[in-house]
Amino acid sequence: MLRNVAATSVLLAGPLRGRKAGASLSRCLHQTVTMAKRLPARRLQGIDYNPWVEFVKLSKEHDAVNLGQGFPDFSPPDFAVEAFQQATGGDFMLNQYTMAFGYPPLTKILASFFGRLLGQELDPLKNVLVTVGAYGALFTAFQGLVDEGDEVIIIEPFFDCYEPMTLMAGGCPVFVPLKPSPTQDGELDSSGSWRLDPAELASKFTSRTKALVLNTPNNPLGKVFSKAELELVAGLCQQHDVLCISDEVYQWLVFDGHQHISIASLPGMWERTLTIGSAGKTFSATGWKVGWILGPDTIMKHLRTVHQNSVYHCPTQGQAAVAKSFEREQLHLGQPSSYLEQFPKAMQLNRDHVIRSLQSVGLKPVTPHGSYFLIADVSDFKLKMPDLPGAADEPYDRRFVKWMIKNKGLVAIPVSIFYSRPHQKDFDHYIRFCFVKEEATLRAMDEKLQEWRAELES
Ligand code: PMP
Ligand code: GLN
């Protein structure tokens, strides 16, 4: 052990001299001493389980209709596919490194495209960072901004990675729930009736609060936050000098005339907001893993520090394809020929199809106003089938989904994975269905559900 410590000191005396060698040295000494005792870094404690790894594996093991993980099972639009083909078969320099913070044509078009929507003049070099998907954007934001002991407010239900990303940065997640209001008998619940309690939200802000994570449209609920709700969040963030990490990957997917509003476009919010997007969700190409963050240079410069010292830059060809796709959309925006106009209309039809089908077997869907997910209440089944296989302390929805995959050939995602541990049991009567699926998949779902209904009636 002592020999290791000595070796570390010798190394650091060389190349790190002149930089902050003292701080680095003490960190490295600490690391050397503890290495023999524990293999995983402390920051990984308690976060080794990942629901996607479990449920994606389960769905592949069974020949089931997959309405679980959120990916389209159809092709991206032709213009996007062609842009990708061109990027891989055209200019050979697209096989090489590009600029660290984004392929210049992509940062340029993101700046002009989103600058208009946010009402800001965006500098492609200072206000845009291209990342490995929205996952990469979120990770970069948490690593760049959240410190040991900082509190991060997370609205439940939440896209599950917000919690482990807060913990990995040393922060402390503080949860605040969206609460459903009761519906009249026979009335369908909708995502709009799930609301924050303003007093409860205000009570979560303390002197240690560093950031609040907002996700609109929300995954898994499909809630589209209204202007009044965003103003409430914005007012509290300003009052308590808190940053807002706004995950808007489903921003184009809004239904029934609802409107997506970026919180960064509200007065006084640009200065404290990071807006996160995903080409995977925008152009139905989740495998491309191109994401981005937009924000003020004062915050973005810290994210660039994380980025330049971790991935350095993202794959060039995917960025070139996304740049071309946005350039095309810029010309068509607001017109019927725009993919961003057509896609939500098609998904609204899918949503309505899935709602009707689920109702036919007695599942109670909550109508989403946005995203490509909906949650459905399975309470009636909980009463009829209280004893599904699985550990007694396992949330009911997890047991229900595992049973449904195996016995009914249908994959969904338990909604408890979108809640903090203490709140999981309160929401384990919901499961999430993804409806960004082609017609044949929805028809296959119908068949499964009709067989199920026939069984229930016999
Ligand atoms: N945020 C939300 C709300 C998501 O649902 C997802 C999953 N697509 C992501 C971020 C990650 O997106 P990406 O696939 O671009 O990494
Ligand atoms: N965002 C997608 C979903 O919610 C995919 C998540 C994942 O694969 N980790 O289904």
Side-chain angles (χ1 to χ4, degrees), residues 51 55 58-59 62 64-70 157 178 180-194 218-223 255-256 347-390 394-419 424-437 439 441-458:
F55 284 93
L58 255 181
S59 71
H62 295 86
V65 179
N66 193 352
L67 303 176
Q69 195 188 21
L178 285 165
S181 22
T183 48
Q184 306 291 333
D185 234 12
E187 191 189 43
L188 257 197
D189 192 3
S190 93
S191 63
S193 71
W194 290 54
N218 166 279
N219 176 8
L221 182 60
K223 180 182 172 69
F255 314 128
D256 309 320
M347 286 313 104
Q348 184 169 323
L349 294 177
N350 281 15
R351 176 198 69 170
D352 295 343
H353 179 147
V354 174
I355 286 177
R356 279 193 304 273
S357 304
L358 294 177
Q359 282 177 308
S360 75
V361 286
L363 294 171
K364 295 198 188 99
V366 176
T367 306
H369 292 163
S371 84
Y372 41 54
F373 305 111
L374 63 78
I375 68 170
D377 186 334
V378 296
S379 299
D380 287 355
F381 289 78
K382 200 171 174 177
L383 290 175
K384 281 185 212 149
M385 304 182 299
D387 300 321
L388 291 175
E394 191 177 4
Y396 183 83
D397 59 343
R398 294 174 52 87
R399 289 190 283 147
F400 184 85
V401 167
K402 286 183 197 168
W403 170 86
M404 191 173 76
I405 295 173
K406 222 169 130 194
N407 296 283
K408 300 291 159 224
L410 263 181
V411 185
I413 299 291
V415 165
S416 59
I417 71 153
F418 303 99
Y419 280 89
Q424 287 182 354
K425 280 277 183 191
D426 298 335
F427 291 88
D428 73 348
H429 53 293
Y430 289 104
I431 61 175
R432 190 197 79 171
F433 290 88
C434 170
F435 52 84
V436 66
K437 302 295 170 189
E439 219 186 300
T441 311
L442 299 186
R443 276 204 305 269
M445 169 200 71
D446 287 340
E447 276 169 34
K448 299 278 184 197
L449 290 174
Q450 288 318 315
E451 281 169 25
W452 192 355
R453 182 158 82 166
E455 270 174 44
L456 290 171
E457 284 169 355
S458 65

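If you're wondering where the values come from, they're calculated on a predicted model, not measured in any experiment. Residue numbers count from 1 along this sequence.
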Pairs meeting criterion salt bridge (Lys or Arg N to Asp or Glu O under 4.0 Å) with involvement of residues 403-414, two or more places apart: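 Of all non-adjacent pairs touching residues 403-414, those that pass salt bridge (Lys or Arg N to Asp or Glu O under 4.0 Å) are Lys408-Glu455.
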Salt bridge (Lys or Arg N to Asp or Glu O under 4.0 Å) partners of residues 351-373, not counting sequence neighbours, each pair once: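 Output for this query lists Asp256-Arg351, Lys364-Asp380.
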Give a yes or no answer on whether the side chain of Asn407 reaches the backbone of Trp403 with a donor-acceptor pair at less than 3.5 Å.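 Yes; at least one donor-acceptor contact below 3.5 Å.
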With side-chain contact (heavy atoms from CB on, under 4.5 Å) as the criterion, how do Val401 and Ile413 come out once you've worked through the C-alpha distance, each side chain's angles and the decisive distance to 0.1 Å? CA-CA 7 Å; Val401 167; Ile413 299 291; over 6 Å; no
Taking all non-hydrogen atoms of both residues, which atom of [X] and which atom of [Y] are closest, and how far apart?
X: Gly192; Y: His369; result: N-CE1, 3.7 Å
X: Pro220; Y: Ile375; result: O-CG2, 3.5 Å
X: Pro368; Y: Phe255; result: O-CD1, 3.5 Å
X: Ser416; Y: Pro395; result: OG-CB, 3.7 Å
X: Phe55; Y: Pro414; result: CZ-CG, 3.5 Å

Pairs under 3.5 angstrom only: tabulate donor-acceptor contacts from the side chains of residues 429-437 to other protein residues two or more places apart or in another chain.
unit_1, atom_1, unit_2, atom_2, d
Arg432, NH1, Asn219, OD1, 2.7
Arg432, NH2, Gly68, O, 2.9
Lys437, NZ, Phe71, O, 2.6

Tell me, please, which residues at least two apart from Asp377 pass side-chain hydrogen bond (donor to acceptor under 3.5 Å, both in side chains).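 Asp377 satisfies side-chain hydrogen bond (donor to acceptor under 3.5 Å, both in side chains) with Ser379 only.
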Distance in Å, [X] [atom1] paired with [Y] [atom2], rounded so as to fall on 0.5 Å steps:
X: Lys448; Y: Met445; atom1: NZ; atom2: CE; result: 12.5 Å
X: Leu221; Y: Ser193; atom1: CG; atom2: OG; result: 8.0 Å
X: Ile405; Y: His62; atom1: CD1; atom2: NE2; result: 7.5 Å
X: Asn66; Y: Leu58; atom1: CG; atom2: CG; result: 11.0 Å
X: Asn218; Y: Trp194; atom1: CG; atom2: CH2; result: 9.5 Å
X: Lys223; Y: Ser191; atom1: NZ; atom2: OG; result: 6.5 Å

Partner residues of Phe381 under the ring-ring contact (aromatic ring centres under 6.0 Å, His included) criterion, sequence neighbours left out: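 With neighbours one apart ignored, the set is Phe400, Trp452.
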Show your reasoning for whether side-chain contact (heavy atoms from CB on, under 4.5 Å) applies to Ile355 and Gln359. CA-CA 6 Å; Ile355 286 177; Gln359 282 177 308; 3.7 Å; yes
Using side-chain heavy atoms (C-beta onward) and a distance below 4.5 Å, is [X] in contact with [Y]?
X: Asp397; Y: Phe427; result: no
X: Phe418; Y: Pro51; result: no
X: Leu374; Y: Val366; result: no

Can you name the residues that form a salt bridge (charged side-chain N to carboxylate O under 4.0 Å, His left out) with Glu439, not counting sequence neighbours?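 Partners of Glu439 under the salt bridge (charged side-chain N to carboxylate O under 4.0 Å, His left out) test: Arg443.
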Going through the checks in order, is the side-chain contact (heavy atoms from CB on, under 4.5 Å) test met by Lys402 and Leu388? CA-CA 9 Å; Lys402 286 183 197 168; Leu388 291 175; over 6 Å; no
Test side-chain contact (heavy atoms from CB on, under 4.5 Å) applied to Gln424 and Arg398, step by step: CA-CA 10 Å; Gln424 287 182 354; Arg398 294 174 52 87; 5.7 Å; no
